[in-house]
Amino acid sequence: YEENSINQLTEEMDIFNQLTFGIQNQEFEVYLQPKINFETIQVEGFEGLSRWNSSKLGFVSPINYIPIAEQSGRIKDIDLLNLTTILQWLQDRLDAGKKIVPVSLNISPDHFYEPQFLDTIIRIFNQFHVPTKYIKLEVTESIELVDFAKAKAILEKLNDFGIESSIDDFGVGFSSLSYLPKLPFSEIKIDRSFVNSMDEPGMYAIVQTIIQLAHNIDMRPIAEGVETKEQLAMLQKLGCPAGQGYYFYKPMTIIDAEKLLDQSTS
Ligand code: C2E
Ligand code: MG
Ligand code: MG
């Protein structure tokens with residue numbers, strides 16, 4: 001146990017020490033995972049996911065570096081870099097007369113609550129001529145715990161600007177359900193731990209309940225982590241309109257996403 005925790009500490013120190021250099025050295029990329037419409041089985045959007053291939057540490061998983069980037073205040077740089085990269089990509093496609101679809105980007109709670117957050121998002125947007133509806137923001141469920149009134153105000157201002165938001169990893173946080181209908185989210189992303197265990201009756205019931213809840217409060221349920229055709233069939237039967245997962249596509253480079261969009265018919 002002790003040896004493990006020392007190894008882990010060393011790894012965390014390495015990541016901490018390399019983060020700033022990695023950001024300056026442009027070692028971060030955005031991968032895109034297609035969001036699939038369950039009626040048409042077409043790509044209706046993407047989720048942008050951060051990837052880091054460090055020159056010193058090799059490939060580091062976001063599960064390991066996102067928490068450290070959050071603690072060290074660097075997450076803001078990563079989130080905003082992703083936004084700029086995606087806006088540039090969408091704009092290049094628009095200018096070339098090519099098809100574009102909305103891209104969802106993850107925003108860390110610390111970043112979301114930062115006083116400059118909205119102004120910075122708007123300033124970056126204004127450097128491009130991409131319509132705001134092509135970017136959506138995902139925030140994890142636990143945010144309401146911090147400050148419900150503040151979250152509501154920020155989400156409303158984002159909506160006024162034309163940016164919709166999703167509540168991410170729904171069902172695993174600690175938020176009180178009574179907050180949910182009052183927060184102006186357009187989507188509920190059902191955590192993949194539920195979707196993955198849908199063959200268990202209890203988990204099936206949870207997914208069913210989240211889908212119904214979403215419909216009842218005018219939010220769109222989106223399934224995460226769909227890995228099998230059985231899961232897809234169950235989700236379709238329950239009226240889930242869209243989702244993402246390895247059954248369809250893993251997160252891919254922008255170049256591959258580009259090819260996928262160019263091929264798609266609708
Ligand atoms: P998330 O936002 O819930 O993203 C979904 C995660 O599920 C991604 O992991 C994705 O690769 C993975 N995934 C998708 N489909 C499947 C599937 O069928 N099976 C399994 N087992 N996994 C699947 P990833 O890319 O490792 O990201 C982990 C988390 O790190 C994200 O969870 C998100 O919370 C955070 N993250 C990633 N990129 C960013 C970023 O740019 N900014 C911020 N603030 N957080 C990020
Ligand atoms: Mg997400
Ligand atoms: Mg998620």
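No experiment lies behind these values; they were computed from the predicted model shown. Order of listing sets the numbers, starting from 1, for every ligand and every atom in it.
- Counting backbone and side-chain atoms alike, Glu224 contributes an N/O/S atom closer than 2.8 Å to the Mg ion (ligand 3).
- Other residues, nucleotides and ligands contribute more than 12 heavy atoms inside 6.0 Å of the CD1 atom of Ile41.
- Of all N, O or S atoms in Asp168, the one lying closest to the Mg ion (ligand 3) is OD1.
- Counting heavy atoms under 4.0 Å from ligand 1, residue Asp169 touches it through the side chain alone.
- Selection from Val30, Asp110, Ile66 by nearest heavy atom to atom 39 (C) of ligand 1 gives Ile66.
- No side-chain heavy atom of Arg74 sits less than 4.5 Å from a side-chain heavy atom of Ile68.
- Cation-pi check for Lys35 over Phe46 is not met; the charged atom does not lie both under 6.0 angstrom from the ring centroid and within 45 degrees of its normal.
- When the heavy-atom distances from atom 23 (C) of ligand 1 to Tyr65, Tyr246, Phe170 are ranked, the shortest goes to Tyr246.
- Side chain of Asp79 to backbone of Ser108: a donor-acceptor contact under 3.5 angstrom is found.
- Here Arg51 contributes atom CZ and Leu49 contributes atom CG; the two are 5.5 Å apart, rounded to the nearest 0.5 Å.
- Residue contacts with ligand 1 include Glu47, since one of its heavy atoms falls under 4.0 Å from the ligand.
- At least one heavy atom of Arg51 sits closer than 4.0 Å to an atom of ligand 1.
- Of the heavy atoms in Asn106, both backbone and side-chain atoms come closer than 4.0 Å to ligand 1.
- For a distance bound of 2.8 Å, the N, O or S atoms of Asn106 include one lying that close to the Mg ion (ligand 2).
- Between Ser108 and ligand 1, an N or O atom pair is found at a separation short of 3.5 Å.
- Atom 31 (C) of ligand 1 has its nearest heavy-atom neighbour, among Ile75, Leu81, Leu49, Ile63, in Leu49.
- The Mg ion (ligand 3) has no N, O or S atom of Glu138 inside 2.8 Å of it.
- Leu213 places a side-chain heavy atom less than 4.5 Å from the side chain of Leu180.
- Under the 3.5 Å distance criterion, with hydrogens and angles disregarded, no donor-acceptor pair is assigned to the side chains of Glu224 and Gln244.
- With a cut-off of 2.8 Å, the Mg ion (ligand 2) has no N, O or S atom of Asp169 in range.
- No heavy atom of Gln244 sits closer than 4.0 Å to any atom of ligand 1.
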